[in-house]
Student: 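This structure is in structure tokens; I'll ask about it shortly.
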Amino acid sequence: LLHNLPQGFSFENTRRNAVLEANLSEKGYSAPNARKTGTTIAGLIFKDGVILGADTRATDDMVVADKNCMKIHYISLSETFFTLPGVAADADVTTQMMSSNVELHSLSTGRPPLVAMVTRQLKQMLFRYQGHIGSSLIVGGVDVNGPQLYSIYPHGSYDKLPFLTMGSGAASAISVFEDRYKPNMELEEAKQLVRDAITAGIFCDLGSGSNVDLCVITDKTVDYLRGYDQPVQKGMRGGTYRYKPGTTAVLTKTVTPLPLDVVDESVQVMDTE
Amino acid sequence: MMMSAQAYGDKGKMKEYHYTGPVEHKFSPYAFNGGTVLAVAGEDFALVASDTRLSEGYSIHSRDSPKCYKLTDTTVIGCSGFHGDCLTLTKIIEARLKMYKHSNNKNMTSGAIAAMLSTILYGRRFFPYYVYNIIGGLDEEGRGAVYSFDPVGSYQRDTYKAGGSASAMLQPLLDNQIGFKNMENVEQVPLSLEKAVQLVKDVFISAAERDVYTGDALKICIITKEGVREEIVPLRKD
């Protein structure tokens, strides 16, 4: 029975989707697109470990959907992080899957996870989905074999290199790395180089923008530097655009009293950065 | 398991989900170079503003390529869309302006330029200039005038109009702040020059936050009976 179950994606809904899309476009609407993040991400190996960097812009076609999204995701408690451009939803799901798989694998082997293991699991999953999962990513971490950096493409291929860039701003960032990368750099010099590479993507690529996030991983510590640099000056508006009460027309008003008791009160702080 | 929706008799805008054979790629004579333009007409002034970023795909060609072109002492035109057609169109307009001046011994008025532009654009009805035009200037009585066009020459006179890549973001805000739409109990004061300039700066700052094609710098051409004055304001560069 198990042999007859279809593997990978079911494409039954393609027929329904195509019909829906035709109906929508007759009325002049278009189906919603998956949100791609257009992006600049970069990673490099320095003397004590690995540094990953990313910009913070998420775009919906050519409109900015999120000015400060997080592209560096954390996989395992000890060492490994990865950064993901590509389709935003795929990135979230991929992270969650990998996080749990890594934990299970490391419990099963009785050893701390290896970066190579994360890479192999990711590439096997992406290959199985034949590129339909649109995430390309950089995996970086420090394990018993030392600091390692891998890039993985949506179809499942990977590269192991001392410095890497991906996303729509990859060309801008790699030019900075090719100019100034040296093996065994000190921490501050390496952080500055990754920052400069991401900044090149932020200014020269329309799909990337806003801030630079860095993540410094060594064998002893993980330093997640969210908002490490803000190279862009946000414009300050001069006029005030507040509306006096009564500006919005009230057409009808219905008051329905709800008899409720306060049972529990809790405060959750919003991330408004 | 992958099937084409054509099996269900739907024609036209259908997406094929499998590869059937050779795919023909055509050369497109157009490119989209981004950019936003805006014009506002006041009691005795007109503003024409544009950002200065020229892009293509995900790259930036130039951070200093304004889209406002001065035609006469009382008229400025803003052109956005395909930069090649913007340049050609403005050359043609300038030549026609000279021809009119030599035949009629006077400068063209804003209304006359608008009417002429409409015929120039419709002349290319079947291979259009991919340009969104907005003319701003003073009419014969010295009052502010804005004329907005579509790529094939349809035009009308407006009080304010936004065109180009961030037009859908700017136009509703202008409808509210200048046209006083969707507001009650508001004193409808006519727009002063200072307020209009501040409003234009603020809407472009907001557009640069969310539209990737808008940014780098803003150039405002202020047209009054004294002539045309320019103001340049920096915008986000990312």
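Just so it is clear: chains get the letters A, B, ... in the order the sequence lines come, proteins before strands, and each one is counted from 1.
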Student: In Å and rounded to the nearest 0.5 Å, what is the CG to CZ distance from B:Asp238 to A:Arg57?
Tutor: 4.5 Å

Student: Within a radius of less than 6.0 Å around CZ of A:Phe127, do more than 12 heavy atoms belonging to other residues, nucleotides or ligands occur?
Tutor: no

Student: Can you say whether B:Leu199 sits under 4.5 Å from chain A via the side chain, the backbone, both, or neither, judging by heavy atoms?
Tutor: both

Student: Go through the atoms of B:Lys237 and report whether side chain, backbone, both or neither lie under 4.5 Å from a heavy atom of chain A.
Tutor: both

Student: Does anything in residues 211-225 of chain B reach chain A? List residues with heavy atoms under 4.5 Å apart, or say none.
Tutor: B:Asp211, B:Val212, B:Tyr213

Student: Counting only heavy atoms from other residues, nucleotides and ligands, does the tally under 6.0 Å from CD of A:Gln130 exceed 12?
Tutor: yes

Student: Is there side-chain contact between A:Met62 and B:Tyr58, with at least one heavy-atom pair below 4.5 Å?
Tutor: yes

Student: Give, as side chain, backbone, both or neither, the part of B:Gln177 having an atom under 4.5 angstrom from any heavy atom of chain A.
Tutor: side chain

Student: Check this for me: B:Glu231, atom CD, are more than 12 non-hydrogen atoms of other residues, nucleotides or ligands nearer than 6.0 Å?
Tutor: yes

Student: Side chains of A:Cys204 and B:Ile60, heavy atoms from C-beta outward: is any pair under 4.5 Å?
Tutor: no

Student: Hey, is CZ on B:Arg229 packed in by over 12 heavy atoms from elsewhere, all under 6.0 Å?
Tutor: no

Student: Check this for me: B:Tyr122, atom OH, are more than 12 non-hydrogen atoms of other residues, nucleotides or ligands nearer than 6.0 Å?
Tutor: no

Student: What part of A:Ser210 lies closer than 4.5 angstrom to a heavy atom of chain B: side chain, backbone, both or neither?
Tutor: both

Student: Answer yes or no: is there a donor N or O on one side and an acceptor on the other, between the side chain of B:Arg210 and the main chain of A:Val63, under 3.5 Å?
Tutor: no

Student: Just wondering, do B:Arg236 and A:Phe203 contact through their side chains at under 4.5 Å, heavy atoms?
Tutor: no

Student: Under the side chain to side chain donor-acceptor pair (under 3.5 Å) definition, can you give me all pairs with a residue in residues 183-199 of chain B, not counting sequence neighbours?
Tutor: B:Gln198-B:Asp202

Student: Hey, could you give me the CG/NZ distance between B:Leu235 and A:Lys234, rounded to the nearest 0.5 Å?
Tutor: 13.0 Å

Student: Taking the side chain as everything from C-beta on, heavy atoms only, tell me whether B:Ser206 gets closer than 4.5 Å to A:Arg237.
Tutor: yes

Student: Got a sec: does the OH of A:Tyr158 have more than 12 other heavy atoms crowding it under 6.0 Å?
Tutor: no

Student: In Å, rounded to the nearest 0.5 Å, how long is the span from CZ of B:Arg53 to CG of A:Leu206?
Tutor: 5.5 Å

Student: To the nearest 0.5 angstrom, please state how far the OG1 atom of A:Thr247 sits from the CG atom of B:Asn182.
Tutor: 11.5 Å

